[in-house]
Amino acid sequence: ATWAATAGAAGAREAASGAPAAAQTSRVFHSYGTAPLSPEEWKTLDVWAAAGAPEAASRAPAAPAVAAQVADWERFLNGTSPKERLTARYLYEHWFLAHLYFADHPRGPFFRVLRSRSAPGMPIDEIATRRPYDSPGGARFWYRLEPIEGLRVHKTHIVYRLDPGRMTRLRALFLESDWSPDALPDYDVEGSANPFVAFAEIPARSRYQFLLDDARYFVMTFIRGPVCRGQTAVDVIEDHFYVMFLDPDADIAIRDPDFLPATRDLLTLPAAQEGKVVPSGLWLAFNHRQRRYLEQRVEAYERLDPARRGLSLDAIWDGDGDNPNALLTVFRNFDNAMVRFGFVGERPETAWVIDYPIFERIYYDLVAGFDVFGNVRHQLSTRLYMDHLRMQSETLFLAFLPPERREPIRASWYRGATDERSYKVDRIRSGEFDTQIVYQRDDVVAELLDKVAERTPVVAAGGVPATSHAALRRLDGVRGPWVARLPELSLLHVRPRAGAGIGVLYTLVHHRAHTNVASLFDEASRLEPEKDTVTVAPGAIGSYPNFLFEVDADGVEAFVETLLAVRDPESLRVFVDRFGVRRTSPRFWPAFDALHDHIEATRPTTGGILDLNRYENL
C-alpha cells in the first residue's frame, strides 16, 4: 500500500511538473532500509499506480484435464453414505490448510478444499468459519476445490499431492476397511474439538496410517501454519532434532481397540474451552488429565507386555522400506521452523518418537484447533499444551534406551527445569519397561539413531544429496567463535561459471544451544552460545532468510577459510564485505531475483517467494 501511495503521488507530480516520476521517487525507497529500485522498476510501479493499482488478471479456466480431476475429487469428497461423509469430514479437517495439486501438473494450478453452499458445477459460495470443525450451518453443503490465485508465498505454500494412487489409497484406508458409523457426529465444540470423539467410528489404524503416509506435510502444518508466528511459539521446540514414529503394530492405540474409547476424555484439547478458562486453571486441569492418561497408557502396555521386555527396534516405523516420511529432521530458530526428509546434519541433542495419540493431538492443538482470532488465553493454552506433547514424544524416544540411562539423559535436556510440574508429570513410570535393543557403546542416543539409519538407509537419507562441496562439510556440526556471529538462517548461492546453468544453493542453519526449552519467555537467559553449531543443508530452507552470501564455484574453499577465521566484529565485517549481500548493496535485488529464479527452476512445486522482512544488514 505504501508503494502504491508513493508511486501514485509521484505520478501526480509528474503530470503537474513534467519531471520523470522515477527521478522523484527512487530516493523514497531508501526508507525501507534496502537498496533502491532502478528507474525502470520505479516506472513500472508508477504506471501501475497511475492506472489505479489494478489487480492481476484472474487465472484462465483450468485445462480440461485438470477440470476433470477436480470433478473426480469433488465427487469422491461428496459421497452420500454415512461412511463417505465421515471420511470426507476427516480429510477436510486435515487438508484445509493444504495447497493441493495434481501429480501430472507439478507447477500448478494449486487448489484449497473448502465447504460451499453450492454444489459442484456451480460457482463456489464458501462457508467461512474460524476453524475447520466449526458448524457449517443447518443447510446442506458440499466440499469444493477452489483455485488459489496470486503469487505463492513460501510460508503458506504447504503442498499436498493428489493423483489416482492417492484416491485408491484413501479408499483402501477408509472406505474399504471394516467399519460402519452408527451416526454422524454433530459440530458441538466439546466433541468436534476432540478428534478421538468426533472420529471414534473410523478405525484408529486407518487414521494413523493416513497421517504416516504424508507425515512431513502434517509436521509442516505444525511449524509453517498460522500458529507458528514469533519466538514464543517456536521456542517450544529445540533448534534441531530428529523425528520418528511408532510403528502401528507397536502402538497401544492401534493394537487395543478399547484404549482410545477409555481414554478419549483425558485427551481433550485446549480449543474445546474456546479461551474461556484462565490458563493457570486450565494448566492444572490438563496436568491432572495427562497424569491419568499416562498412567492408563502404562497399564495398557503392561497388559500386552507383562514381562516388561519393552520396545524393539522394529517398533520404530521404517516407512515400509521406502517412504521418506518415516524419518524427519526439524530445524527452528527465532524466525523460522522447517522440516526435511531424513536425518539431516550432525546428531542433535534430542529426538522424538511420535505415536498416534500424540500425532493427532499435535495437529488438533496447533492446526485444526488453533483460532487465529482467539484471545490470549486460547493462544497461551495452546502453547502450554504443546509442552506436554513435546515431552511425551521425547519420553517415547527414551523408552528405546536402557532404563538406567533414561532419566539422566532426560534431565540433561531440562537443566534448570527439572523441578517444574509438567516435567514431573511426563516422567511417570518411564523406567519400568526394559528395552529389547542391545547396546554396545556408551553414547546410547547416538547408537540408537545410527541403528535406525542403518536399518533404512534410503529413508534416513531422505533422497536429498549430501553437500557436494567437501569444503562446506567442514562447517557441519563444528563449534567455534564464528558460529555465534552468523545469522540464524543464511543462504549461500554458489554461482555457476559463465553459461553453466543456475549454480547451487545451500542453507547455513545456525542452531542455538539451550539449557532447556521448558519456559515461555526469556529464551536469551537459557542460551549457551559456546555450544552453538551450524548445519549446511542443500537447497533453500526456511521462509525468512536472515542473510545471503554469494560465491563463485571456485571460491568455496576461500569462503570456508574466511568464515572459520571470524573471531570478532572486524573479521566478520571483512568476511561480509567479501561474500555477503547486505540489504543496502546494489546487488540486493538482482541477487534475490537470481535466488528466486533458482528456486523456481529447482523446486517448481514447493518453492515460493521468501519473506525478506527479517533480513539483517551485517
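Distance alone, capped at 3.5 Å, is enough to place a donor-acceptor pair between the N78 side chain and the Y143 backbone. Side-chain atoms of T456 do not come within 3.5 Å of backbone N or O of G321 as any donor-acceptor pair. No donor-acceptor pair under 3.5 Å is formed between the side chain of T535 and the backbone N or O of A537. Put simply, the side chain of R224 gets close to the backbone of H154: a donor and an acceptor are under 3.5 Å apart. Side-chain atoms of R144 come within 3.5 Å of backbone N or O of A119 as a donor-acceptor pair. Listed for the T329 side chain is a donor-acceptor partner under 3.5 Å among the backbone atoms of V344. A side-chain donor-acceptor contact under 3.5 Å links R216 to the backbone of V339. A donor-acceptor pair under 3.5 Å is formed between the side chain of K83 and the backbone N or O of W179. Between the side chain of W48 and the backbone N or O of P54 there is at least one donor-acceptor pair closer than 3.5 Å. Here the side chain of H598 pairs no donor or acceptor atom with the backbone of R603 at under 3.5 angstrom.
Between R112 and E146 there is a salt bridge, since a side-chain N of the basic residue sits under 4.0 Å from a carboxylate O of the acidic one. Using a 4.0 Å cut-off between charged side-chain N and carboxylate O, R587 and E550 make a salt bridge. With respect to R152 and E600, a salt bridge is recorded, a charged nitrogen being found less than 4.0 Å from a carboxylate O. With respect to the salt-bridge test (charged N to carboxylate O, under 4.0 angstrom), the residues R131 and D134 qualify.
Side-chain rings of W95 and Y160 approach one another, their centers coming within less than 6.0 Å. Ring to ring, F174 and Y90 are close: their centroids are under 6.0 angstrom apart. The six-membered or imidazole ring of F210 lies near that of F218, with a centre-to-centre distance under 6.0 Å. Side-chain rings of W589 and F592 stay apart, their centers remaining 6.0 Å or farther from each other. If you look at F547 and Y615, their ring centroids are closer than 6.0 Å. Aromatic rings of F111 and Y101 (six-membered ring for Trp) have centroids beyond the 6.0 Å cut-off, not under it.
Across N325 and F245, no two heavy atoms sit closer than the pair O-CE1, 3.4 Å. A pairwise comparison of heavy atoms in A103 and R161 identifies CB-CD, 3.6 Å as the closest pair. In this structure, P324 and F341 approach most closely via the heavy-atom pair O-CD2, 3.5 Å. Nearest heavy-atom pair, I124 versus S118, reported as atom, atom and distance to 0.1 Å: CA-OG, 3.5 Å. Between G225 and K155, the shortest heavy-atom contact is O-NZ, 3.6 Å. Residue I502 comes nearest to H493 through the heavy atom pair O-NE2, 3.0 Å, listed as atom of the first residue, atom of the second, then distance.
Separation of atoms CG (L489) and OG1 (T507) is listed at 6.0 Å; rounding is to 0.5 Å. Note: L114 CG to W142 CH2 = 13.5 Å, rounded to the nearest 0.5 Å. Note that the CD atom of Q69 and the CD atom of E74 stand 12.5 Å from one another [nearest 0.5 Å]. How far OG of S192 is from CD of E93: 7.5 Å, rounded to the nearest 0.5 Å. Between atom CZ of residue R207 and atom CG of residue L173 there is a gap of 12.5 Å, rounded to the nearest 0.5 Å. With rounding to the nearest 0.5 Å, the separation of OG in S543 from CD1 in I609 is 12.0 Å.
If you check the side chains of T44 and E41, you find no donor sitting under 3.5 Å from an acceptor. Counted by atom type alone, T129 and R115 present one or more donor-acceptor pairs between their side chains at under 3.5 Å. Side chain to side chain, Q209 and D213 meet the donor-acceptor criterion of an N or O pair below 3.5 Å. No hydrogens or angles considered: a donor-acceptor pair under 3.5 Å links the side chains of S81 and E84. Checking E360 against Y356 by side-chain atom types alone, a donor-acceptor pair falls below 3.5 Å.
A cation-pi arrangement is not found for R166 relative to F102, the charged atom failing to lie both closer than 6.0 Å to the ring centre and inside a 45° cone about the ring normal. Note that R614 lies in the cation-pi zone of Y544, set by a 6.0 Å cut-off to the ring centre and a 45° limit from the axis.
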Requested in this report: For the pair W352 and Y242, evaluate ring pair (Phe, Tyr, Trp, His ring centres under 6.0 Å) and give the outcome as yes or no after the intermediate values.
Outcome: CA-CA 6 Å; W352 295 11; Y242 293 161; over 10 Å; no

Query raised in the report: Is there a side chain to side chain contact (heavy atoms under 4.5 Å, CB included) between L170 and F76 once you walk through the steps?
Result: CA-CA 10 Å; L170 295 176; F76 172 76; 3.9 Å; yes

